[in-house]
Amino acid sequence: MKKYKVGVIGATGMVGQRFLLLLANHPQFEVACLAASASSAGKKYKDAVKKWHLAEPMPEKFANVTVMDASADMKAIAQKVDFCFCAVNMPKNDIKELETAYAKSECPIVSNNSAHRFTDDVPMIIPEINAEHLQVIAAQKKRLGTKRGFVAVKSNCSLQSYVPLLHPLKKFGIVSAAVCTYQAISGAGKTFETMPEILDNVIPYIGGEEEKSEKEPLKIWGEISDGKIVPADAPVITAQCVRVPVSDGHTAACFVKFETKPTKEEILKAWKEFYGEPQTLKLPSAPAEFIHYFEEDNRPQPKLDRYTENGMAVCAGRLREDNLFDYKFIGFSHNTLRGAAGGAVLLAELLAAKGYFD
């Protein structure tokens, strides 16, 4: 297995911390540099991190690494690595400029950020679903004038709780879907200590989340035409997104209507048999079984099921017929593993397997 040197931009934040846990003993990716904002630059990583958010301790191998300035040290960083992960907390336009500048410096970027998700020649990938969209990178490199620099992004974390469950059912002709996501506080970069207002509470608004939930699946299901990804025009998806007092794991209540209504057995069979390129290629972070269905009425649950397949599986339960739609079910995924850093690492493994970092 070919080894690659990687950088983590935005290393001090919650998702950056999760990246470092995942990369500490990765068989293919070796962390060569850590970068963050100017206020963190020049400090040892252990001193730059204002708060370590995760239950697992900070990997010792990174504690004394000097943090670089993500903007000012860009050229030096690009020369040190084969590619970078990016998970910065900045205004969207600033992120877009930063990631484009890295790409133009011939440093591929695998982004956890939303800034480039609707750039039409930037692939937005759920590796099991639309790996073929990586082909648009050739057109992006032509636009940027690069030989190896590009940007690839993963989709919004909440999508992982229902889009992978809808995807195998598209063969039955999905007409419409309604989803309500119940999203963990780590999706906002928070813990119970830093978000006390969530205790004994539900907050019925997450800025921008409903639009992403309705539109991003259509890009994922789109097709490449003339060097651009053209979003699908169906199915119609309507979404409500709610912040709930859960540390990690997004739950989705999903309702779906079909052109040709399948049987419950056909849906369960489609989920059980579904797999994608990560499973075929046996990528290091890929779950052996992508979709796990629970027969119990009270599953999946964040507390019990968030670490299914190391947090990289998508869980489902409570599939049953509906009075208004054809079927309804519960979906679930770990938002900072499958949904954020883990999903980006899996995307990077796919890019590496396909030769995009070479």
> Between Asn335 and Ser186, does any side-chain donor sit less than 3.5 Å from a side-chain acceptor?
yes

> Is it true that His250 and Gln160 share a donor-acceptor pair across their side chains at a distance under 3.5 Å?
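Per modelled atom types, Gln160 and His250 side chains form no pair under 3.5 Å.
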
> Assess whether atom NZ of Lys170 is packed by more than 12 heavy atoms of other residues, nucleotides or ligands within 6.0 Å.
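Enclosed: over 12 neighbouring heavy atoms sit under 6.0 Å from NZ of Lys170.
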
> Looking at Glu273 and Lys269, is any side-chain nitrogen of the basic one under 4.0 Å from a carboxylate oxygen of the acidic one?
yes

> Other than Ile330, which residues form its hydrophobic cluster under the rule that side-chain heavy atoms must be closer than 4.5 Å?
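None, because no other hydrophobic side chain comes under 4.5 Å of this residue.
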
> Are Asp248 and Tyr307 linked by a side-chain donor-acceptor pair shorter than 3.5 Å?
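There is no such pair between these side chains.
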
> Dump the intermediate steps for side chain to side chain contact (heavy atoms under 4.5 Å, CB included) on Phe258 and Val256, then the final yes or no.
CA-CA 7 Å; Phe258 297 98; Val256 58; 3.7 Å; yes

> Is there a continuous path of hydrophobic side-chain contacts, each under 4.5 Å between heavy atoms, that joins Leu346 to Ile125?
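As far as the 4.5 Å side-chain criterion goes, Ile125 and Leu346 are connected within one cluster.
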
> Donor-acceptor check, side chain of Trp271 to backbone of Leu165, threshold 3.5 angstrom: yes or no?
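Confirmed, Trp271 side chain pairs with Leu165 backbone.
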
> State whether the side chain of Asp121 and the backbone N or O of Val136 hold a donor-acceptor pair below 3.5 Å, judged by distance alone.
no

> Look only at the side chain of Glu349 and the backbone of Ser285, and say whether a donor-acceptor pair between them is shorter than 3.5 Å.
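It does hold such a pair.
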
> Only counting residues at least two apart or in another chain, list the ones meeting side-chain contact (heavy atoms from CB on, under 4.5 Å) with Ser40.
Thr12, Ala36, Ser37, Ala48, Val67

> Okay, side chain of Lys104, backbone of Gly149: is any donor-acceptor separation there less than 3.5 Å?
no

> Any ion pair linking Lys215 and Glu211 (charged N to carboxylate O, less than 4.0 Å)?
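A salt bridge is present here (some side-chain N lies under 4.0 Å from a carboxylate O).
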
> Can a salt bridge be assigned to the pair Lys2 and Asp358 using a cut-off of 4.0 Å between side-chain N and carboxylate O?
yes

> Who else is in Ile185's hydrophobic cluster (ILVMFWY, side-chain heavy atoms under 4.5 Å, direct or via others)?
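Under the 4.5 Å side-chain rule, Ile185 groups with Phe192, Met195, Ile198, Leu199, Ile203.
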
> Any chance you could measure Thr181, atom OG1, to Glu209, atom CD, to the nearest 0.5 Å?
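Output value for this atom pair is 6.0 Å.
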
> To the nearest 0.5 Å, tell me how far Gln140 CD sits from His116 NE2.
7.5 Å

> Return each pair, listed once, that meets salt bridge (charged side-chain N to carboxylate O under 4.0 Å, His left out) where at least one residue sits in residues 51-64; pairs must be two or more places apart or across chains.
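Every salt bridge (charged side-chain N to carboxylate O under 4.0 Å, His left out) pair that includes a residue of residues 51-64, provided the two are not neighbours, is Arg18-Glu56, Lys51-Glu193.
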
> Keeping Glu277 on the side-chain end and Glu128 on the backbone end, is there a donor-acceptor pair under 3.5 Å?
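Between the backbone of Glu128 and the side chain of Glu277 there is no qualifying donor-acceptor contact (under 3.5 Å).
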
> Does any N or O in the side chain of Tyr102 come within less than 3.5 Å of the main-chain N or O of Ala70, such that one atom is a donor and the other an acceptor?
yes

> Taking CD in Glu266 as the centre, count heavy atoms belonging to other residues, nucleotides or ligands within less than 6.0 Å. Is the count above 12?
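Check passes, neighbour count above 12.
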
> Under a 3.5 Å cutoff, is there a donor and acceptor pairing between the side chains of Thr191 and Thr194?
yes

> Under the criterion side chain to side chain contact (heavy atoms under 4.5 Å, CB included), I'd like the reasoning laid out for Cys241 against Ser213: C-alpha separation, chi angles, the key distance, then a yes or no.
CA-CA 8 Å; Cys241 301; Ser213 300; 3.6 Å; yes

> Are Tyr275 and Phe290 an aromatic pair by the rule of ring centers under 6.0 Å?
no

> Examine Lys261 relative to Tyr327 and say whether NZ or CZ is less than 6.0 Å from the centre of the six-membered ring and inside a 45° cone about the ring axis.
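Lys261 over Tyr327 ring: yes.
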
> Grouping I, L, V, M, F, W and Y whenever their side-chain heavy atoms are under 4.5 Å apart, do Leu350 and Phe150 come out in a common cluster?
yes

> Who else is in the cluster with Val244 when I, L, V, M, F, W and Y are joined by side-chain contacts under 4.5 Å?
Tyr182, Val202, Val242, Val246

> What distance separates Glu106 CD from Lys75 NZ, expressed to the nearest 0.5 Å?
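Those atoms lie 12.5 Å apart.
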
> Look at the side-chain heavy atoms of Ile, Leu, Val, Met, Phe, Trp and Tyr, link any pair under 4.5 Å apart, and say whether Met90 and Ile77 land in one connected group.
yes

> Hydrophobic cluster membership, with links at side-chain heavy-atom distances under 4.5 Å among I/L/V/M/F/W/Y: are Val314 and Val163 in one?
yes

> Should Thr66 and Lys43 be marked as a side chain to side chain contact (heavy atoms under 4.5 Å, CB included) after you check the CA-CA gap, both sets of side-chain angles, and the distance that decides it?
CA-CA 5 Å; Thr66 300; Lys43 298 177 182 176; over 6 Å; no

> Glu30 side chain to Lys5 main-chain N or O, any donor-acceptor pair under 3.5 Å?
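Checked: no pair found.
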
> Say whether His334 and Thr308, considering side chains only, have a donor N or O and an acceptor N or O under 3.5 Å apart.
no

> Taking the side chain from Arg320 and the backbone from Arg318, do they hold a donor-acceptor pair closer than 3.5 Å?
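Yes, the answer is positive, given that a donor and an acceptor are paired below the 3.5 Å cut-off.
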
> Under a 3.5 Å distance rule, please check whether Asn201 uses its side chain to pair with a backbone N or O of Glu197 as donor and acceptor.
yes

> Has Lys3 got a side-chain atom pairing as donor or acceptor with Phe29's backbone, closer than 3.5 angstrom?
no

> So if you build clusters from Ile, Leu, Val, Met, Phe, Trp, Tyr with side-chain heavy-atom gaps below 4.5 Å, do Val15 and Val8 land together?
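Hydrophobic grouping puts Val15 with Val8.
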
> With a 6.0 Å cut-off on the ring centroids, do Phe62 and Tyr45 count as close?
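Between Tyr45 and Phe62, which both carry aromatic rings, the centre distance is not below 6.0 Å.
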
> Measuring from Leu134:CG to Tyr356:OH, what's the distance to the nearest 0.5 Å?
5.0 Å

> Give a yes-or-no answer on whether the side chains of Glu99 and Ser111 include a donor-acceptor pair shorter than 3.5 Å.
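Ser111 and Glu99 do have a side-chain donor-acceptor pair below 3.5 Å.
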
> Using the test side-chain contact (heavy atoms from CB on, under 4.5 Å), find all partners of Glu132 that sit at least two apart in sequence or belong to another chain.
Asn130, Gln135

> Classify the angle between the aromatic ring planes of Phe357 and Phe83 as parallel (below 30°), tilted (30 to 60°) or perpendicular (above 60°).
parallel

